[in-house]
Student: 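Starting off with a structure, shown below.
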Protein chains: 2
Amino acid sequence: MNLKELSAILGLSQTTVSRALNDYPEVNEATRQRVKAVARKNNYRPNTRAKGLATGRTLTIGHVIPVSTRHEIVNPIFADFIAGAGEIYSRNDYDMLLSVVADVDEERVYRELASRRSVDGVIVHGPRENDPRIALLQEVGLPFVVHGRAGTGDSGYSWVDVNNRRAFERATNFLLDLGHRRVALINGVETMHFANRRRAGFVTALENRGLRPDPALMRSEEMTEYFGFRAAHEMLSGPTPPSAFLISSMITAIGVRRAIGDLGLKLGRDVSAIIHDDELSYLRNGEEVPIFTATRSSVRHAGQLCAEMLLDIIRHPGQPPAQKLLEADLTVGMSTGPAATPD
Amino acid sequence: MNLKELSAILGLSQTTVSRALNDYPEVNEATRQRVKAVARKNNYRPNTRAKGLATGRTLTIGHVIPVSTRHEIVNPIFADFIAGAGEIYSRNDYDMLLSVVADVDEERVYRELASRRSVDGVIVHGPRENDPRIALLQEVGLPFVVHGRAGTGDSGYSWVDVNNRRAFERATNFLLDLGHRRVALINGVETMHFANRRRAGFVTALENRGLRPDPALMRSEEMTEYFGFRAAHEMLSGPTPPSAFLISSMITAIGVRRAIGDLGLKLGRDVSAIIHDDELSYLRNGEEVPIFTATRSSVRHAGQLCAEMLLDIIRHPGQPPAQKLLEADLTVGMSTGPAATPD
DNA sequence: GAATCAATCCAAAGCGCTTTGGGTACTGAA
DNA sequence: TTCAGTACCCAAAGCGCTTTGGATTGATTC
């Protein structure tokens, strides 16, 4: 069922039918109702591609999901982010085009999205330090919003980010206030800008108390469960183990907890831990009382904000870039307690 | 840069340029090379929508991701499945269109995908018992592959599934062989067909040994960490606790392990557990030695298989439906041991 | 030398929609 | 009665591509 057939049924021109369906004023209200009724009855829906060709807009947003080539890992926060963004898209009759791409191919894919005109805009995931994708997108003139920041020229493009630096500074201070002096940082890969900022917050807090960050207590890798396990196990088995951990993700923290348990220690008593909690839907941080003390910021909500911002940019071009910095809550759970041997 | 401009530059007709780029035989090899070189230099790429309109194919596959309305949960296996499928798509120059949709709206979305002709085919996720989507897709004539099965008329459509029944029967037998008699099942929602089959395998194994499944030891809910924690905590605190668990997912198992730890018990010694491991990239089941004894089947691989099957169906229509039943490995890890008090 | 054929290329139609630039009929005012 | 104005509708162009149905050329065959 296409427009031609539908207008034949109605005995009207394609023009009128199209205008009736798209709520243009130059069509009689009675005929509009009739058109809509018949369209519904015949289950008519305009062909996406034809509409896109004619209007120049695709009503589609692109997401490029990088998959680490070295470790073949899909970022676990991605599902919830997508869920948040997808909600906004369907509410606004937009579609989402997903490209799962080896991180080395990313640039090519962005270029293709632009030159093939298959999307009206894109969300940039996982920005790295000085991420080249930003200049690239500006060059090709494709509207975009970055989930996170790249660390330079951040006022020149639109983004939604968590105040990672402050969150980790506060979390570190919280541990220091409990008397912990040997605090370990189990961080994400620090070519990612967010991980960089988290470390900066951690280091700042230590230095403000006159403590020197110990390189042996700082690890940075892809945030898997096993990384958390291995890092914590090694540190805790070392000569001067940490009494507290600052951990960049819930998944990694699960590995840390496993290591603590395997060594016969108890989380929250023998060892403290604060995590960053993205509020993943399938990995809630407990129910009544949080399992982990955490800096908390919903990645799903971030997805919604990114999508809304991008749609706004697409609908009102020529505006200055928008930015949104979210503050993370610091919620106290059962994974922290006073240091065993205060100075 | 579009075809018209490109052919103007080349001094050729659009026909010839189009044919040169699409490797049609009726164009001189020398001109083909020249066309391709100039196209590359000018960064030309055909407009997706125009191409789709002209050919009638979209080179796009739809995925409809249901989000549970009641619990707002995104299935955690989805990211890895998508990664597997996406790999195949990009290798074949296909795009992936994602709709994140409240489960109650699913039918509408499938209908729209079909009538708006925005995809060449779809993957059906999370089939429920007698899932109505299958009849719907057959009715509207949209090619599809189901990840899983619906439990009836399974020979009438294409699917890729794990032999869940056998996997859970084998896992149960493994526990029974170790002397366990009170085995608990912590399952996914049993309106999902896969969960149903897993329970069937579990029950069959028990009954073959003359044991009666105890309803108090069978739980079925959305597979979150907290569900695992709560279920295990309650069962283990009860009057006749289980000595072993059969757990439908890694995430839930993490909750079970937390409950076991909180109760001062040790996994693999005091309590045994076998999980089903989807080999999620960010939640590997250990490295050298598996953390959990597990029935194992890569969901990422399933994603690849579904995508390949669907592309094949699209390219060779009229074939009988294809099916692929994957057998899960049973790998022994550190979470199982003999029952403490054999009969 | 004429006819046949393969190799190359092209003009134009068509995919299904939106939108431009009128047309027609009816109204009320002059 | 005429004219401008409005409300409503339509034919046709155009979005950027593929594909049909030739046209042209040069080589080959008889």
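Within every chain, numbering begins at 1; the chains are lettered A, B, ... in the order of the sequence lines, protein sequences first and strands thereafter.
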Student: B:S99 side chain to B:V101 main-chain N or O, any donor-acceptor pair under 3.5 Å?
Tutor: no
Student: Given that B:N28 and A:P46 both sit by DNA chain C, which one's nearest nucleotide is further toward the 5' end?
Tutor: B:N28
Student: Are the side chain of B:T48 and the backbone N or O of A:R116 linked by a donor-acceptor pair below 3.5 Å?
Tutor: yes
Student: Look at the side chain of B:S18 and the backbone N and O of B:Q14, then say whether any donor-acceptor pair between them is shorter than 3.5 Å.
Tutor: no
Student: It should be established whether B:T16 places a side-chain nitrogen or oxygen under 4.0 Å from OP1 or OP2 of nucleotide C:dT8.
Tutor: no
Student: If you pin B:N47 and A:S13 to their nearest nucleotides in DNA chain D, which one's is more 5'?
Tutor: A:S13
Student: A:E26 CD to C:dG22 P: how many Å, rounded?
Tutor: 16 Å
Student: Remember a base hit wins even if backbone is also touched, and classify A:T55 as base, sugar-phosphate or nothing at under 4.0 Å, heavy atoms.
Tutor: sugar-phosphate
Student: With under 30° as parallel and over 60° as perpendicular, where do the rings of B:F81 and B:H125 fit, or are they tilted in between?
Tutor: perpendicular
Student: Is any NZ, NE, NH1 or NH2 atom of the basic residue among B:R128 and B:E106 found under 4.0 Å from an Asp or Glu carboxylate oxygen of the other?
Tutor: yes
Student: Taking the basic N atoms (NZ, or NE/NH1/NH2) and the acidic carboxylate oxygens, is any pair closer than 4.0 Å for A:R315 and A:D120?
Tutor: no
Student: Between CZ of B:F78 and CG of B:D278, what distance do you get to the nearest 0.5 Å?
Tutor: 14.5 Å
Student: Does B:D80 use its side chain to pair, donor to acceptor, with the backbone of B:I77 at less than 3.5 Å?
Tutor: no
Student: Mind calculating the distance between CZ (B:R19) and C1' (C:dC9) to the nearest angstrom?
Tutor: 9 Å
Student: To 10°, what angle do the rotation axes through the five end pairs on each side of the helix from C:dG1-D:dC30 to C:dA30-D:dT1 form?
Tutor: 60°
Student: With a strict under 4.0 Å distance from non-hydrogen atoms of chain B, what nucleotide opens and what nucleotide closes the contacted stretch of DNA chain D, reading 5' to 3'?
Tutor: D:dG16 to D:dG21
